[in-house]
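Computed from a predicted structure; not experimentally measured.
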Amino acid sequence: MYPLRSSQQQSFLALPRVNNVISSFIQEVRPITSDSVFFYCHRSILRSKSSNNFGDLLLNQSTHTSLHPAPAPGPVSPTVATRSISDGTTSHEIQRLTLPRSLSTGTDQGHPEILWVPESSRTINIVLHEFYGIPFERYGPDLDTLSSALDALKKYGRSVTDQTSEMRSALLRWVDKHPIRVYAIGAAHTMDSLCMEASEHTLSVPLSMVSEADAYGMGALYLRRLFFLHMGRADALKRILTLPPMEAPLVPGCPVDHEANLRLNWRAAEGDLMMTSLPESVSPGQIMTAFGSVVAELTCVACRAVLQERISTVILKWSQVKRTI
């Protein structure tokens, strides 16, 4: 649920209470975002899942609740309930996420503590879902939201390396359209497995598309690994395509003019492949197409057989070149 853009309307999320019986010492907190959306959640959950008291925002309260951290809730399926209220002049619609009765209780045990947070409601929504272990796929967060959520999770003491697979999966949904950006986000948060998977998709994108912001975000190590992947594959393709030197005939006993024509045509096809915009992403089909014309021009049966075998060897060796960082 996203904020309603009106000064006369207000929306909020109430995250689930944990356990059927909530002890009186569990104090409620209410983060309020930069776009004036507020969330009800539990101090005990935020403290137990955070390594820094939720960015040191919970330090001014009694610490005895940390001695009784509430366990993370099991999988739940929130539903959206709506109700209308009126201030005498204008009707407002308030939307609230509600959960099964066994997971919720009233919030009238006192006024919740207000936590002012600079992030947007979209970002804090993902952050709190991660703290509570609730799936957030239904919101379909975009890359900007996921990136800011990862930054906020780190800020509020939720270890990035311990993220659920859902965050990784949510980022990988964008890898086909924005491979460089996904790689950069993963690198900024040392998500190595994500970077490895995203790096293969970057082969279809020229390195010139790496923006200054992405390069700065991924850092020197991951930027170096990305460049070495692209340049290493281009060099490997060049080595694989190189013919034996002239003193080593391709086909023993073949007339000199046949040998010369074969080498000339092979070099021409090799140049076409290496002059493509992205030689590191050349596919086996492109190799077959480029050298198929060379085979078609040969009249010598022995030369055809040798050349076809060499093309098969090239494709095999190219398939063995590493495609990820």
>> Could you measure the distance from the OG1 atom of T202 to the CG atom of L229? Nearest 0.5 Å is fine.
In response: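 Interatomic distance, T202 OG1 to L229 CG, rounded to 0.5 Å: 5.5 Å.
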Which atoms form the tightest heavy-atom contact between [X] and [Y], and what is the distance?
X    : Y    : result
M191 : L150 : SD-CD1, 4.2 Å
L223 : A215 : CD2-CB, 4.1 Å
I134 : E166 : O-OE1, 4.1 Å

> What class does the angle between the rings of Y40 and F38 fall in, given that below 30° is parallel, 30 to 60° is tilted and above 60° is perpendicular?
Replying inline: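 Taking F38 first and then Y40, their aromatic rings stand perpendicular (interplane angle over 60°).
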> Should the ring pair Y156 and F54 be called parallel, tilted or perpendicular, given that the plane angle runs from 0 to 90° and is split at 30 and 60?
Replying inline: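 The arrangement is parallel - the two ring planes meet at less than 30°.
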[X] side chain to [Y] side chain, donor-acceptor N/O pair below 3.5 angstrom:
X    : Y    : result
R158 : S50  : no
S211 : D214 : yes
T145 : D142 : yes
S120 : D35  : no
H42  : Y132 : yes

> Within 45° of the axis and under 6.0 Å from the centre of the six-membered ring of F228, does NZ or CZ of R224 qualify?
Replying inline: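 Positive - R224 is close enough to the ring of F228 and near enough to its axis.
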> So, is the end of the R30 side chain (NZ or CZ) under 6.0 Å from the ring centre of W116 and within 45° of the ring's axis?
Replying inline: no
>> Between K238 and E270, does any NZ, NE, NH1 or NH2 come within less than 4.0 Å of an OD or OE carboxylate oxygen?
In response: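 No, E270 and K238 are not salt-bridged.
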> Could E137 and R173 be called an ion pair, given the rule that one side-chain N must be under 4.0 Å from one carboxylate O?
Replying inline: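 Salt bridge: yes.
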In the structure I gave you, are the side-chain heavy atoms of [X] and [Y] within less than 4.5 Å of one another anywhere?
X    : Y    : value
K322 : T324 : yes
F291 : I287 : yes
P118 : K155 : yes

